[in-house]
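What follows is a set of notes on a single structure, which appears directly below.
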Amino acid sequence: MFERVTEGLSGALRRLSGQGKITEANVREAMDEVRTSLLEADVHYEVVESFCRRVLEDALGREVTKSLKPGQEMIGIVHERLVELLGGPEEAPAGIMRVSPGPTVVMMCGLQGSGKTTTCGKLGAYLKKRGRSVMLAACDLQRPAAVEQLETVARQVSEEMPGGAQVHFYGEPERCAEYGKAVGVAVQVAQRALARARELGVDTLILDTAGRLHIDDALMGELHQMQRVLQPHHIFLVVDAMTGQDAVNSAKAFHARLTVDGVILTKFDSDTRGGAAISVKEVTGAPIRFIGVGEKLGALEEFHADRMAGRILGMGDVVSLVEKAQEEVSEEEARKLEEKMARGEMGMDDFLKQLRTLRRMGPLKQLMGMLPGVGQALKDVHIEDDQLNRVEAMIQSMTPDERARPTIINASRRRRVARGSGTRDQDVSQLVKQFNAINKLTKSMAQMGAAGKVRAVKELGGAGLGGMMPGVEGLPAFRTKGSTKSAPIRQRAKQRKKRRR
Amino acid sequence: MGLFRATVGKLRKGLARTREALGGSLRGLLTGRRLDEALIKDLERRLIESDVGVRATRRLIERVREDFRRGVLTQGDEVLSHLRRELVAMWPEADRSLRMNPDGVTVILVTGINGVGKTTSIAKLCKALRDEGHSVLLGACDTFRAGAVRQLEIWAERLGVDVVKGQQGGDPAAVAFDACSAAVARGVDVLILDTAGRLHTQDPLMRQLEKITKVVGRQIEGAPHEVLLVLDATSGQNALRQAEEFSKAAGVTGIFLAKLDGTARGGIVVAIRESVDIPVKFVGIGETPEDVEAFEPEAFVEALLGD
């Protein structure tokens, strides 16, 4: 992710915000560091230069140096400019448009190995979840077995992914040929796919195309022809988030031949600094629509510039987190659980269910990164999702009675559970103790106002949930209002120490 | 490995479009110009744009600036030969041929992140080795990605070699085990193992790679004799992290720089050389199995600077 950019930026800006008074020289110095960290993040040279120039002009123009809180104001400016760079706050509505009569035609394009075929599958899953039927059409006749790959992916989406809508596949494997031959045939395949999609009344048709070099005239011509004949409603350029400075050249070339109206960034779950994203947006003007964040077919997220800018600056992304939670938990379920908690009747089973929901939302570390201030604190902490496996194993080794009333777990029961789950006795007793603490807390919380709740959760701290998962002490930082000001206590102490130095 | 002689010409052809696309090369920038601060700034920019990285660029630029101030460098042309010398010196004479096992099957493990071109690169290696008269067997250890085994099979059919494969979704280490047994039984010269693309940040997958390496080592003495990390020439500074992490997990012995036929200059290998010492062994410059060359520093640097 943008972690590395974040580090550099927030380091430079934090130093600024630590100073009561800053001079123009301070600002310039900080911007120099920002510049370096952006370059190291593979943001294109020119983009970096103009970004830094704009921020500096802004800062000096608004007389940041005379402001009461110069650091805060500076962060504000950088945030504003970052949002602008990443796509502007008022973008066209996210997602895939819907046309009538259907189908909506979506065409993918990009270099070899950028992840087009996988992304087709993810987009299919995304639409299926929203109740829209899709057809995945294999128009990559160049790469060996690309058609088979898409067919398998389509089947996986159809069988394994949530949602009720139909998922179809269209392919003509016998038309495949060696690289550079059969150029143009893909256009006919796409036409037949469209005809079939109309027949079936499919909502959205997704066209996978062969990866090609932006300087390969014949193949670029094929894409152009495809656009002319099929008139896709969306043309997405699929870009590997790890691309270097050359991202600008290829994006420009694709954009020159096609009307690319959106970018999908893939492999975003790596530790890439992701600068290519910024460059591509800047040169094509096409907004980043989606980001691929994992190998699984559900690992596709809508891209939001303002939230991403917040994440880069270490301000967290609570909105995305809440959205993720809403996707996984129905309101009905949430209400029922709340009632149970209010009565202090939450059992281990309910806890297990919540745990699983949490895990469905994504790897723990990724989730924690969305919390304000936590991202920075967590950057070196190695969160093993294995820890959660152990908690799950322990609960599963309990009898239904024990799960409903954990207080009945005595020494002998404890030993059995430990043996059954491959853990130690003390792990089990710790789990039970923490569970009881949470239960007591939730009961009393139900009778509290909002402010009290926040306080109570904070007090839970390392002793409660955090302690259950070693290394996750960041949890108490779950606050209601997010800003860089509300960094976890430990981190704030660290900052104070730094300032004194 | 006599056949892997790079011809500057072929590499240049691969990079010819670079110059057209980017409106001039470093050579074009420097030739016939008087050296001044503005030109040094331009030079910095061009180096960064070639993915050489901030660190290597700073180092190279500082030397130029110092020599400029001392009056040693005054002309662009001098800077050009100075840069060429500095860059070529980063890869001293070394054995960049494949490490062959003198007494038995040579096992080559090919690895890298998703989409860098592992399978295509394997086809190229396979063709080159066969042309040299070696018998080759392929092991399809990418049991994860849909269609990956089939992709390798199609290449194998075209090249006329056999593939050992396992179940889709099965244990790749088991396939590696079978492939080793088959290679020994058939007495082939070289076994090339294809692996699933994996991000270097995914711990479980990196551990799986360790396991494959271990299993292979138990089957055949000293195997894998060569662990090639395939890098995408268009990739940015993250490739550095890839080199570090894959080395940790699988002991990378060489880099295969793929996709050098685009407009990317592959400057990333300079950045990598700046911090880790893994030899670049091959470069891939096209889509057909013939499009592979041994890495030659002079040729690479010439192409990087442009002509």
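Here is how names work: the chains are called A, B, and so on, in the same order as the sequence lines, proteins then strands, and each is numbered from 1. Note that the coordinates shown come from a computational prediction; the quantities given were computed from them, not determined experimentally.
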(message) Can you tell me which of B/Ile154, B/Val116, B/Thr120 forms the most heavy-atom pairs within a distance under 4.5 Å of chain A?
(response) B/Ile154
(message) Below 4.5 Å, heavy-atom pairs only: which of B/Glu245, B/Lys41, B/Arg198, B/Arg55 has the largest tally toward chain A?
(response) B/Lys41
(message) Within the 4.5 Å heavy-atom criterion, are A/Glu46 and B/Arg45 side-chain neighbours or not?
(response) yes
(message) Tell me whether the count of non-hydrogen atoms from other residues, nucleotides or ligands lying under 6.0 Å of NZ in A/Lys122 goes above 12.
(response) yes
(message) Measuring from atom CG of B/Leu199 to atom CG of A/Asp269, what distance do you get when rounded to the nearest 0.5 angstrom?
(response) 5.0 Å
(request) Considering non-hydrogen atoms only, spot the tightest contact between B/Ala146 and A/Thr152 and give its length. (result) CB-CB, 3.4 Å
(request) Calculate, to the nearest 0.5 Å, the distance between atoms CG and CD1 belonging to A/Asp240 and B/Ile113 respectively. (result) 5.5 Å
(request) Select one option (side chain, backbone, both, neither) describing which atoms of B/Arg58 are under 4.5 Å from chain A's heavy atoms. (result) side chain
(request) Can you tell which part of B/Leu240 gets under 4.5 Å to a heavy atom of chain A, answering side chain, backbone, both or neither? (result) neither
(request) State, to 0.1 Å, how close A/Asp42 and B/Asn238 come at their nearest heavy-atom pair, and which atoms those are. (result) OD2-N, 4.1 Å
(message) If you count heavy-atom pairs within less than 4.5 Å of chain B, which of A/Gly113, A/Gly294, A/Pro144 leads?
(response) A/Pro144
(message) Return the CG to CD distance between B/Leu47 and A/Gln245, rounded to the nearest 0.5 Å.
(response) 11.0 Å
(message) If we count only N and O atoms by modelled type, under 3.5 Å, do the side chains of A/Gln112 and B/Glu287 hold a donor and an acceptor together?
(response) yes
(message) To the closest 0.5 Å, what do you measure between CG (A/Asp246) and CD1 (B/Ile268)?
(response) 12.5 Å
(request) State the CG-CD distance between A/Leu39 and B/Glu49, to the nearest 0.5 angstrom. (result) 10.0 Å
(request) Mind listing the closest non-hydrogen atom pair of B/Gly197 and A/Glu295 along with its distance? (result) O-OE2, 3.9 Å
(request) Please flag which part of B/Gln202 lies under 4.5 Å from any non-hydrogen atom of chain A: side chain, backbone, both or neither. (result) side chain
(message) Side chains of B/Arg145 and A/Thr117: any donor to acceptor distance under 3.5 Å?
(response) no
(request) Measure distances from A/Arg155 to the heavy atoms of chain B and classify the residue's part below 4.5 Å as side chain, backbone, both or neither. (result) neither
(request) Nearest 0.5 Å please: distance from the CG atom of B/Asn114 over to the OG1 atom of A/Thr266. (result) 9.0 Å
(message) So for atom CD, which belongs to A/Glu174, do other residues, nucleotides or ligands contribute more than 12 heavy atoms lying within a distance under 6.0 Å?
(response) yes
(message) For A/Ala145 versus B/Gly147, what's the shortest heavy-atom pair and its separation?
(response) CB-O, 3.3 Å
(request) Could you tell me which portion of B/Gln168 (side chain, backbone, both or neither) has an atom closer than 4.5 angstrom to a non-hydrogen atom of chain A? (result) neither
(request) May I ask you to name which of A/Val248, A/Thr243, A/Leu111 has the most heavy-atom pairs under 4.5 Å with chain B? (result) A/Thr243
(request) For residues B/Asp232 and A/Met242, determine if any side-chain heavy atom of one lies less than 4.5 Å from a side-chain heavy atom of the other. (result) no
